[in-house]
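First up is the structure itself, then whatever we jot down about it.
For ligands, and for the atoms within them, numbers begin at 1 and follow the listed sequence.
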Amino acid sequence: MAPPQNALDKAKSMLEGATRPIFFHDDDCDGTTSFVICYQFCAANKGEGKSIPVKRSPSVTHEFLKKAEEINADLIVILDKPKAEREFLQGARVPVLWIDHHEPQKETIAGLGNVFYFNPRLWDDRDNRPTSYWAYQITKTNLWLATVGSVGDWFLPEYIAEFREKYPDLAPKEYKRVEDAYIDSPIGTLVRVIQFNLKGMTAEAKKSIITLTRIESPYEILSQTTSRGRFLWRKYERLAAGYDKVLAEACATAAQPGKVLLYLYTDDSMTFTSELSNELLIRYPDRIIFIGRRHDGAVKASIRSTALAIPLLLTEALKGLEGYGGGHRNACGMNVAEKDWDEFFRRFTDLVEKA
Ligand SMILES: [Mn+2]
């Protein structure tokens with residue numbers, strides 16, 4: 001079952017009633033677009049919102065409470081964060097609206113009357129449509145950002161049809177799968193603009209987020225019709241040069257035979273690991289995508305596959321070596337000491353070839 005209308009309405013009225021909402025959101029494309037959708041919705045209802053991107057930790061910890069107190073917030077909104085500390089929720093003296101689509105956190109919220117937890121998986125465990133999708137269902141505003149946010153989180157929403165009607169030049173083909181929109185499309189470019197703007201120094205990323213809250217149309221960015229759109233585009237362009245270089249190198253290594261497509265890079269200035277592995281998986285769906293970065297005497301890598309279950313292979317290949325790894329069935333992260341890298345990778349490819 002999909003979340004009922006009254007749950008969407010409840011979230012909507014909480015946003016409508018807020019005059020000083022504070023948003024703790026994930027610092028990826030989905031979390032940030034969700035924030036902008038809700039922020040602009042509140043602004044239209046005279047609510048003055050504040051963005052607190054929650055980086056590194058998957059959880060909103062109790063230390064964040066003082067941020068809400070500092071600005072005298074009358075509503076706390078958590079967006080796209082899989083976890084929050086009970087101490088944080090319990091200590092909040094104002095209502096909390098928590099919208100997420102990861103593993104439901106029933107125990108964390110049990111008995112807390114001030115928390116409204118909206119998670120589609122409470123109604124249907126297979127429903128993990130992204131947070132930006134729900135932000136759109138709740139507010140019915142910002143169709144283009146909701147589309148970009150959903151595609152950025154690997155989901156093609158049904159409202160892509162409306163998007164296409166409104167912006168035919170931004171969806172020139174009929175996209176059937178999220179992969180079609182994710183690369184080589186204007187929507188994919190907008191996803192990248194947001195992803196790249198969130199990279200780098202915190203202060204710089206914050207400035208980009210604030211700028212994004214002022215954007216009214218995707219053309220401001222894509223055609224640089226305003227100075228704020230130009231600002232986001234420039235940062236994107238600066239990083240795109242580096243990204244295109246690593247992408248070209250990675251595509252070149254794809255010519256080598258084998259089930260595993262390995263690309264190792266040493267550039268320390270910027271990490272593109274997750275964007276790169278998504279794109280390579282679309283371009284080479286039959287391969288295991290293995291993207292690693294040499295850093296601090298270790299190799300840190302991300303592994304993706306469309307079909308093969310990776311965690312067990314990873315555990316097996318890491319046995320007795322200095323390293324760790326794990327994650328989801330088709331997407332894992334791992335870290336191994338540089339001295340053990342060759343041995344690890346030999347074992348890993350052997351296991352993949354036999355699988
Ligand atoms: Mn998400």
Side-chain angles (χ1 to χ4, degrees), residues 2-3 7-8 11 15 23-41 51-60 64 76-84 96-105 108-109 116-139 142-160 163 177-179 181-182 187-188 190-199 205 208-209 212-213 273-275 277-279 281-282 302 304 327-333:
L8 297 166
L15 291 172
F23 297 88
F24 298 95
H25 60 89
D26 196 29
D27 71 330
D28 72 352
C29 183
D30 186 32
T32 303
T33 52
S34 303
F35 157 69
V36 176
I37 294 167
C38 294
Y39 173 95
Q40 290 186 346
F41 178 76
S51 152
I52 308 287
V54 179
K55 294 179 160 231
R56 288 177 284 272
S57 159
S59 178
V60 182
F64 282 103
I76 291 174
V77 186
I78 303 174
L79 296 167
D80 203 34
K81 293 308 289 184
K83 289 187 175 150
V96 178
L97 168 62
W98 182 3
I99 310 174
D100 187 42
H101 63 130
H102 299 93
E103 186 74 31
Q105 303 295 306
T108 311
I109 53 155
F116 180 56
Y117 182 54
F118 182 98
N119 186 328
R121 293 177 61 173
L122 293 174
W123 291 278
D124 176 352
D125 195 49
R126 291 156 308 169
D127 186 350
N128 62 353
R129 286 178 280 182
T131 307
S132 49
Y133 177 92
W134 298 109
Y136 179 65
Q137 298 306 332
I138 290 163
T139 63
N142 242 317
L143 172 68
W144 76 273
L145 258 187
T147 306
V148 171
S150 291
V151 169
D153 220 42
W154 210 254
F155 175 73
L156 189 70
E158 72 282 0
Y159 50 73
I160 186 85
F163 177 90
R177 309 170 312 153
V178 66
E179 289 90 329
Y182 196 88
I187 296 174
L190 288 164
V191 170
R192 288 268 183 278
V193 169
I194 293 174
Q195 286 171 336
F196 289 3
N197 266 277
L198 296 169
K199 289 185 190 291
S208 287
I209 294 172
L212 197 59
T213 63
T273 306
S274 94
E275 291 85 1
S277 40
N278 279 340
E279 178 151 2
L281 196 58
I282 297 173
S302 141
R304 302 280 166 96
H328 307 285
R329 189 178 189 279
N330 300 130
C332 283

**Request:** May I ask you to test the Tyr117-Gln105 pair for a side-chain heavy-atom distance under 4.5 Å?
**Result:**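 Counting from C-beta outward, Tyr117 and Gln105 do come under 4.5 Å.
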**Prompt:** Do any N/O/S atoms of Asp28 come under 2.8 Å of the Mn ion (ligand 1)?
**Reply:** no
**N, O or S atom of Asp153 closer to the Mn ion (ligand 1) than 2.8 Å** =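 Under 2.8 Å: Asp153 contacts the Mn ion (ligand 1) through an N, O or S atom.
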**Asked** Once rounded to 10°, what is the value of the angle centred on the Mn ion (ligand 1) between His101 NE2 and Asp80 OD1?
**Response**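 Rounded to 10°, it measures 80°.
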**Asked** Should Arg192 and Glu279 count as an ion pair when the cut-off is N to O under 4.0 Å?
**Response**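 Glu279 and Arg192: salt-bridged.
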**Request:** Using the test salt bridge (charged side-chain N to carboxylate O under 4.0 Å, His left out), find all partners of Arg121 that sit at least two apart in sequence or belong to another chain.
**Result:** Glu103, Asp125
**Asked** Side chains of Gln195 and Asp28: is there a donor and an acceptor less than 3.5 Å apart?
**Response**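 Looking only at side-chain atoms, Asp28 and Gln195 do not form any donor-acceptor pair under 3.5 Å.
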**Message:** Checking one value in my table: which N/O/S atom of Asp30 lies closest to the Mn ion (ligand 1)?
**Reply:** OD2
